[in-house]
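Below, read A as the first sequence line, B as the second, and so on, with proteins coming before strands; counting in each chain starts at 1.
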Protein chains: 2
Amino acid sequence: MFMGEYSPALDDKGRVSIPVKLRKAFGEDALVEKLVVTHGLDKCLMAFRNEEWNEFVEKKLMPLSQSDPKNRMSVRFLVGGACECELDKQGRMVIPSNLLKYAGITNDVIILGLFNKIEIWSKEVYEECRPDGAIMNSFADELGF
Amino acid sequence: MFMGEYSPALDDKGRVSIPVKLRKAFGEDALVEKLVVTHGLDKCLMAFRNEEWNEFVEKKLMPLSQSDPKNRMSVRFLVGGACECELDKQGRMVIPSNLLKYAGITNDVIILGLFNKIEIWSKEVYEECRPDGAIMNSFADELGF
DNA sequence: TTAAAAATGGGGAAAAGTGGTGAATTTTGT
DNA sequence: ACAAAATTCACCACTTTTCCCCATTTTTAA
């Protein structure tokens with residue numbers, strides 16, 4: 001289960017290092033070695049473990065009717081944008097330039113763990129829309145706090 | 001499984017190079033050496049491995065009733081437009097000029113991997129209709145994000 | 001404070017992409 | 001039908017990018 005916020009940097013070679021806490025999120029022994037990265041909703045990227053990605057593609061994406069232009073665009077957005085990124089021995093991965101551009105990532109990065117997925121943001125972009133306590137007021141009751 | 005976005009160029013000789021990641025998409029050892037290219041839905045071309053193309057033709061196209069004029073047109077569009085393109089030792093293929101014209105391809109190209117097929121776009125054309133995050137909002141629930 | 005783990009920076013080898021040349025085949029004109 | 005020209009095709013060589021690993025710095029924990 002992914003959780004938490006981290007802020008590594010994009011180095012000169014386009015690498016982002018994935019924190020060990022996230023790599024260990026699915027069992028202490030087996031570090032995550034590979035992530036599927038693609039366009040996220042909002043101006044960010046999302047990354048999945050292979051297992052989650054494959055399940056998602058098979059169950060949600062492949063059944064979509066290709067006669068609907070909107071479905072075709074969605075598949076292009078998600079699968080056409082996807083990249084299987086291997087982590088090097090130090091836990092870093094190279095993110096393709098088209099994805100970096102989409103998310104507006106140039107230097108500092110914010111990585112969020114969100115149960116089954118990871119979100120990757122440009123720090124500047126994320127600070128613009130970072131959620132604060134106020135947004136929770138309408139939810140507090142139904143969440144049971 | 002094809003995935004990802006790539007942007008090679010059409011060179012002076014009408015060759016487009018297919019990225020190694022796509023050529024390896026169906027097993028590390030066996031690089032794709034040949035693709036069947038034909039008209040795509042929307043203003044692009046689509047390309048298949050022989051296996052996928054044959055299955056598609058047999059299961060979807062051949063059963064179509066030839067008494068329906070719409071079916072006859074579909075077969076002309078897909079089979080009449082198809083070309084078996086071999087890749088050279090460097091992974092490039094020559095695309096017939098009628099297909100280039102259909103897709104409006106003159107210089108820069110965008111290639112998308114979409115699980116069982118590859119789409120080939122003119123870069124200019126694709127930028128005009130490139131999907132963004134907004135298109136996904138209506139799907140978020142049903143896709144399970 | 002010290003040791004271990006994690007993050008960061010960098011360099012070298014290998015792979016992939018690109019341009020180009022010569023042979024072979026097809027087309028054209030006489 | 002034959003020769004010349006043009007186009008196509010296959011492969012070679014160079015440039016660029018990518019990948020993988022080593023070394024150093026920084027952080028964390030004992």
Side-chain angles (χ1 to χ4, degrees), chain A residues 2-37 47 82-101 105-113 118 120-123, chain B residues 2-37 47 83-101 105-113 118 120-121 123:
Chain A
F2 297 123
M3 60 167 89
E5 176 180 327
Y6 308 88
S7 53
L10 186 77
D11 69 19
D12 314 347
K13 297 197 171 158
R15 296 177 295 194
V16 173
S17 86
I18 305 300
V20 173
K21 279 197 183 174
L22 289 179
R23 299 184 65 198
K24 284 183 180 168
F26 285 85
E28 182 68 23
D29 32 303
L31 267 70
V32 172
E33 295 177 339
K34 197 193 297 184
L35 288 171
V36 177
V37 185
C83 175
E84 199 171 65
C85 298
E86 309 246 352
L87 306 192
D88 67 15
K89 228 174 188 174
Q90 284 80 288
R92 295 173 295 192
M93 63 182 184
V94 177
I95 298 177
S97 56
N98 58 313
L99 291 178
L100 290 178
K101 190 178 164 196
I105 295 172
T106 54
N107 292 298
D108 292 332
V109 171
I110 295 278
I111 297 188
L112 301 175
I118 289 172
I120 302 170
W121 291 77
S122 151
K123 187 172 181 183
Chain B
F2 296 124
M3 62 166 84
E5 177 180 325
Y6 309 88
S7 52
L10 187 76
D11 70 18
D12 317 345
K13 304 208 170 137
R15 296 176 296 192
V16 173
S17 87
I18 305 299
V20 172
K21 279 198 182 172
L22 290 179
R23 299 184 64 198
K24 282 185 181 166
F26 286 85
E28 182 69 23
D29 31 304
L31 267 72
V32 172
E33 295 177 340
K34 197 193 296 184
L35 288 171
V36 177
V37 186
C83 174
E84 199 171 65
C85 298
E86 309 247 351
L87 306 191
D88 68 17
K89 225 172 189 173
Q90 282 81 296
R92 296 172 294 194
M93 65 182 183
V94 177
I95 299 175
S97 55
N98 59 315
L99 291 178
L100 290 178
K101 191 178 164 195
I105 295 171
T106 53
N107 291 297
D108 291 333
V109 171
I110 295 275
I111 298 188
L112 300 176
I118 290 171
I120 303 170
W121 290 76
K123 187 172 182 183

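- Distance check: B:Leu31 CG to B:Lys24 NZ gives 6.5 Å after rounding to the nearest 0.5 Å.
- The base of C:dT21 sits within donor-acceptor range of the side chain of B:Lys13, with an N or O pair under 3.5 Å.
- Between the CG atom of A:Leu87 and the C1' atom of D:dC21 there is a distance of 15 Å, rounded to whole Å.
- The separation between B:Asp12 atom CG and D:dA6 atom C1' is 17 Å, rounded to whole Å.
- If you check D:dC21, C:dG19, D:dC11 against the side chain of B:Asp11, the one that comes closest is C:dG19.
- The nucleotide whose nearest atom lies closest to any side-chain atom of A:Pro19 is, among D:dC21, D:dC11, C:dA7, C:dA7.
- Look at NZ on B:Lys21: it is 13 Å from C1' on C:dA15, rounded to the nearest Å.
- The interatomic distance linking B:Leu10 (CG) with C:dG17 (C1') rounds to 15 Å, in whole Å.
- Surrounding CD of A:Glu5 are more than 12 heavy atoms belonging to other residues, nucleotides or ligands, all under 6.0 Å away.
- Interatomic distance, CD1 of A:Ile105 versus NZ of A:Lys123, reported as 13.5 Å (0.5 Å rounding).
- With rounding to whole Å, A:Asp88 atom CG is found 13 Å from C:dG9 atom P.
- If you take CD1 of B:Ile95 and P of D:dT8, they are 14 Å apart, rounded to a whole angstrom.
- A close approach under 4.0 Å does occur between a side-chain nitrogen or oxygen of A:Ser17 and OP1 or OP2 of C:dT8.
- Summarising the geometry, the separation between CZ on B:Arg92 and P on C:dT18 is reported as 9 Å, rounded to the nearest angstrom.
- Here CG of A:Leu22 is found 6.5 Å from CD1 of A:Ile111. Values are rounded to the nearest 0.5 Å.
- Residue-to-nucleotide contacts include no donor-acceptor pair under 3.5 Å from the side chain of B:Arg15 to the base of C:dG17.
- Atoms OH (B:Tyr6) and C1' (C:dT18) sit 19 Å apart, rounded to a whole Å.
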